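Okay, structure first, notes after.
The model shown is predicted, which means the values in this text are computed figures rather than measured ones. Note on naming: letters A, B, ... go to the chains in the order of the sequence lines (proteins, then strands), and numbering restarts at 1 for each one. Hydrogens, waters and symmetry mates play no part in the numbers below; they use all other heavy atoms, side chains included.
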Protein chains: 2
Amino acid sequence: MDHAIAAQFARLGKALSSPQRVLLLDFLAQGERPVEALATVSGMSLANASQHLRVLLAAHLVANRKQGLQVHYRLAGSAVLSFLASLQGLAESQLAEVAQAAHAHLAVVGDLDGVDHRELQRRVEAGEVVLLDVRPAEEYAASHLPGALSMPADKLRRRLTDLPRNAEIVAYCRGPYCALAVAAVEELRRRGFQARRLADGPVQWAQRRVRTESGPSPVPTNRRQPSPRKP
Amino acid sequence: MDHAIAAQFARLGKALSSPQRVLLLDFLAQGERPVEALATVSGMSLANASQHLRVLLAAHLVANRKQGLQVHYRLAGSAVLSFLASLQGLAESQLAEVAQAAHAHLAVVGDLDGVDHRELQRRVEAGEVVLLDVRPAEEYAASHLPGALSMPADKLRRRLTDLPRNAEIVAYCRGPYCALAVAAVEELRRRGFQARRLADGPVQWAQRRVRTESGPSPVPTNRRQPSPRKP
DNA sequence: ACAGTATTCAATTGTTCAATTGATTACAAT
DNA sequence: ATTGTAATCAATTGAACAATTGAATACTGT
């Protein structure tokens, strides 16, 4: 391999060499976001987030588009998403720290991990399972599992009455390293619901070619029976 | 995703952020090598190569073992190999420079790229194709395609008489970014042989789960008919 | 045109990194 | 024990990087 070509590969490594940029990519895996939202969610100053995004842009890992005053960033393509999946896979297999950290405070008894999404889909459609997407509404809108209800973590408590006590509740969020669904499941169990966490998130869906939908929640703020059934 | 977990992912990115380390990983993808060999082939000083290898070791991307005076390094597992494949895939899809560089001076008319290895294997066994592995002998020994002959690039000229003029010759080396097979094919064509390059190398074999063999060449320096036939 | 907002740019700081050099360790052979 | 060799360590240099700050740009709404 030539030095010049190795340097090109290293460009991608450099882009991934900062924890902040990895964090940004992970958020971008949830869908397109404006700079300010990314800065807030990753805990960086606006200018700093902007500069990190430019680095990712220079590495062609993200793309952006201007809409009014805001600049929306997104992953540069599905290749980036599947690469992130393989990076996470590598980290889990090679870095004991990652697996340990993940399973230490991010696991709940009865986690669904590496689940058969086709079977899950069938159970959702049959009404045996209520799927909860506990990410922020924008991330649900960008991409979610078919049949899932948008139930942002901070609104869960207020909407408990919408949830059935006879069906199993499966909550998911951004992926195996996201704490939202863990907290949601623990809360639900405390309230007497039968709840489990689905560890997969958009990165894993992409890797396993799981079908997704996009668009806003079918039941925005209504107080109706939210469990979707076959017509 | 937590900051601490992102930092773990970034460890891997950091390890890949230097062209020299990418180069080392690419050579290690060919098989286990002692430090000195890696330093030589990558054009680094011994101390420098050693330090880069320690960085890769700290990231758990490589492992080593001591044999006598020498320390032999190898990839830490097959997960690393498949990750390298996905890194190369990402680079090709996202960085126009890579694809361009590769196809500029590393392509030969009639390259086999993304070939069906099962079909290739059949033709090799049927004697319709002579497979040449033009990498150094150690790399051939570490892993090669079944039925391939070890024909290091620097010995090709002396062994031209071993090659058939009626069968097609397919040469491969370290992968799409390796120049050895390109040079070999051009040389062979000048001499009137019917030759093509197989762009795949060990990284691609791993990705496509192509069967490989290891061990020394079946015809070390003999002047015998080297074309392998079915018994 | 004007004010307001989202983002980017530019200059600065302290930190981290890559390569070189020379010294040191670990081991094998004799 | 002594010698030689492979690899690593330690200390140094200059270069690249991350975060902060304040200014500049680009666009919207009025």
Where do N or O atoms of nucleotides 15-17 of chain C meet protein N or O atoms at under 3.5 Å, pair by pair?
none

- prompt: Tell me, do B:Ser18 and B:His52 make a side-chain contact under 4.5 Å, heavy atoms counted?
  reply: yes
message: For A:Val203, is there any backbone N or O sitting under 3.5 Å from a side-chain donor or acceptor partner on A:Gln207?
response: no
- prompt: Just wondering, do A:Leu25 and A:Val22 contact through their side chains at under 4.5 Å, heavy atoms?
  reply: no
Atom-to-atom span, CG of A:Leu46 to C1' of C:dT8 - whole angstrom: 9 Å
- prompt: Picking from A:Val124, A:Leu145, A:Leu131, what satisfies side chain to side chain contact (heavy atoms under 4.5 Å, CB included) with A:Val170?
  reply: A:Leu131
Quick one: side chains of residues 175-188 of chain B, donor-acceptor pairs under 3.5 Å with protein atoms, not counting sequence neighbours, listed by atom name and distance.
residue  : atom : partner  : partner atom : Å
B:Tyr177 : OH   : B:Glu92  : OE2          : 2.3
B:Glu187 : OE1  : B:Arg190 : NH2          : 3.0
B:Glu187 : OE2  : B:Arg157 : NE           : 3.4
B:Glu187 : OE2  : B:Arg191 : NE           : 3.0
B:Glu187 : OE2  : B:Arg191 : NH2          : 2.9

Base-contact (B) and sugar-phosphate-only (S) positions in nucleotides 23-30 of chain C, heavy-atom cut-off under 4.0 Å, - elsewhere: ---SB---
field: Spacing between A:Asn48 atom CG and C:dA10 atom C1', to the nearest angstrom
entry: 15 Å
query: Looking at side-chain heavy atoms only, is the closest gap between A:Asp200 and A:Val210 below 4.5 Å?
result: no
- request: Extract, from 5' to 3' on DNA chain D, the first and final nucleotides lying under 4.0 angstrom from some heavy atom of chain B.
  value: D:dT5 to D:dA10
- request: Could you name each residue pair satisfying salt bridge (charged side-chain N to carboxylate O under 4.0 Å, His left out) that touches residues 58-69 of chain A, not counting sequence neighbours?
  value: A:Glu32-A:Arg65
field: Nucleic acid contacts - residues 22-44 of chain A versus DNA chain D, non-hydrogen atoms under 4.0 Å
entry: none
- request: Compute whether any side-chain donor of one residue and acceptor of the other, for A:Gln8 and A:Arg11, lie under 3.5 angstrom apart.
  value: yes
field: Polar side chain donor-acceptor pair, B:Ser17 to A:Ser17, under 3.5 angstrom
entry: no
query: Is the shortest heavy-atom distance from the side chain of B:Gln88 to the side chain of B:Asp26 under 4.5 Å?
result: yes
field: Side chain proximity check, A:Arg135 to A:Tyr172, heavy atoms < 4.5 angstrom
entry: yes
- request: Determine whether B:Arg54 and B:Tyr73 make a side-chain contact, defined as any pair of heavy atoms from C-beta on separated by less than 4.5 Å.
  value: yes
